[in-house]
Amino acid sequence: MAIGTALLGLLAFLLGCSGTSAEPQNSERSAMRKCVLTGNWVSDQGSKMVISDSNNSGVFSGSYLTAMAATDNLIRPSPLQGVQHQVDQRAQPTFGFTVNWSFAESTAVFAGQCFLDEDGEEQLKTTWLLRVEVGSVAEDWGATRVGTDTFYRTK
Ligand SMILES: *[C@@H]1O[C@H](CO)[C@@H](O)[C@H](O)[C@H]1NC(C)=O
Ligand SMILES: *[C@@H]1O[C@H](CO)[C@@H](O)[C@H](O)[C@H]1NC(C)=O
């Protein structure tokens, strides 16, 4: 999978540099490609994640290193577990994953979609919920935060 992705990247690079009249339009080029979750990503905020190959059911795992945290604890990489939809049929798959923070009693879930832009560059558009552990049900009202993050493939 990694080699295939590298070859596709090389092909896109060669197509982009050929400058001939046979060069496909950007939209045609991205239509030929698939957005692939596997690899290294960095968010607008500087959070980093590594996603493994998905198996045939679309199950994947990885690790997440946040740049932002609702804790004063030392931030460490934390495991993530997810599922993407329709692995083989979808060029721009939807997915979801859970981050099991290894340094805080908190849980985050992300839902998103893997997109190819007009230049064939991949980005992950996500919305997340972060649940912070609180001491009692009286504090429940403020225990969940919501946000969005866009991830770009690390070069
Ligand atoms: C994918 O991985 C999950 C979790 O390990 C497992 O339950 C599932 O059976 C696997 N599916 C395939 C097709 O390998
Ligand atoms: C979740 O995090 C806890 C605490 O770090 C760890 O013991 C556990 O193995 C993790 N589970 C998964 C599935 O990542």
Side-chain angles (χ1 to χ4, degrees), residues 1-13 28-117 119-155:
M1 169 87 68
I3 291 171
T5 307
L7 285 175
L8 280 176
L10 179 63
L11 181 61
F13 176 75
E28 291 173 35
R29 194 188 308 160
S30 55
M32 296 185 297
R33 292 195 52 200
K34 273 183 64 171
C35 189
V36 176
L37 284 176
T38 306
N40 295 272
W41 301 89
V42 62
S43 78
D44 286 330
Q45 268 93 35
S47 295
K48 294 174 182 169
M49 65 178 174
V50 181
I51 295 181
S52 68
D53 275 346
S54 296
N55 75 8
N56 289 337
S57 303
V59 175
F60 61 85
S61 59
S63 88
Y64 194 97
L65 180 59
T66 186
M68 326 292 281
T71 167
D72 295 329
N73 296 353
L74 183 66
I75 294 172
R76 296 199 305 263
S78 301
L80 69 83
Q81 312 263 322
V83 179
Q84 66 168 310
H85 210 266
Q86 300 288 355
V87 237
D88 294 324
Q89 291 94 332
R90 292 280 164 254
Q92 300 189 116
T94 60
F95 60 88
F97 62 84
T98 301
V99 181
N100 173 26
W101 302 112
S102 57
F103 56 87
E105 297 302 320
S106 306
T107 299
V109 292
F110 287 74
Q113 186 169 356
C114 192
F115 285 109
L116 289 167
D117 70 14
D119 298 324
E121 295 289 326
E122 292 154 305
Q123 56 180 282
L124 309 179
K125 285 287 189 184
T126 68
T127 302
W128 51 263
L129 293 171
L130 173 65
R131 177 67 190 203
V132 180
E133 185 191 43
V134 291
S136 69
V137 72
E139 298 167 80
D140 177 65
W141 65 271
T144 304
R145 301 175 187 191
V146 59
T148 60
D149 247 332
T150 302
F151 293 84
Y152 303 92
R153 193 174 283 286
T154 309
K155 301 287 185 222

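Just follow the structure's listing: the first ligand is 1, and inside any ligand the first atom is 1.
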Within this structure, what is the CD-NZ distance for the pair E122 and K34, rounded to the nearest 0.5 Å? 10.5 Å
Using ring-ring contact (aromatic ring centres under 6.0 Å, His included) as the criterion, list what pairs up with W101, not counting sequence neighbours. Y64, F103
So is S102 polar-close to ligand 2, meaning N/O to N/O under 3.5 Å? no
With a 4.0 Å heavy-atom cut-off, what residues sit around ligand 1? N55, N56, S57, V59
Heavy-atom side-chain proximity of R145 to W128 below 4.5 angstrom: yes
Within a strict 4.5 Å, meaning less than it, do heavy atoms of the N100 and Q81 side chains meet? no
Using every non-hydrogen atom in the two residues, find where C35 and P93 come nearest and quote the distance to one decimal. O-CD, 3.5 Å
Looking at E139, I want to see if its CD is surrounded by more than 12 non-hydrogen atoms of other residues, nucleotides or ligands under 6.0 Å. yes
What do the steps show when you test L80 against F110 for side-chain contact (heavy atoms from CB on, under 4.5 Å), and what is the final call? CA-CA 10 Å; L80 69 83; F110 287 74; over 6 Å; no
Quick check on contacts: which atoms of ligand 2 are under 4.0 angstrom from a heavy atom of P79? 14 (O)
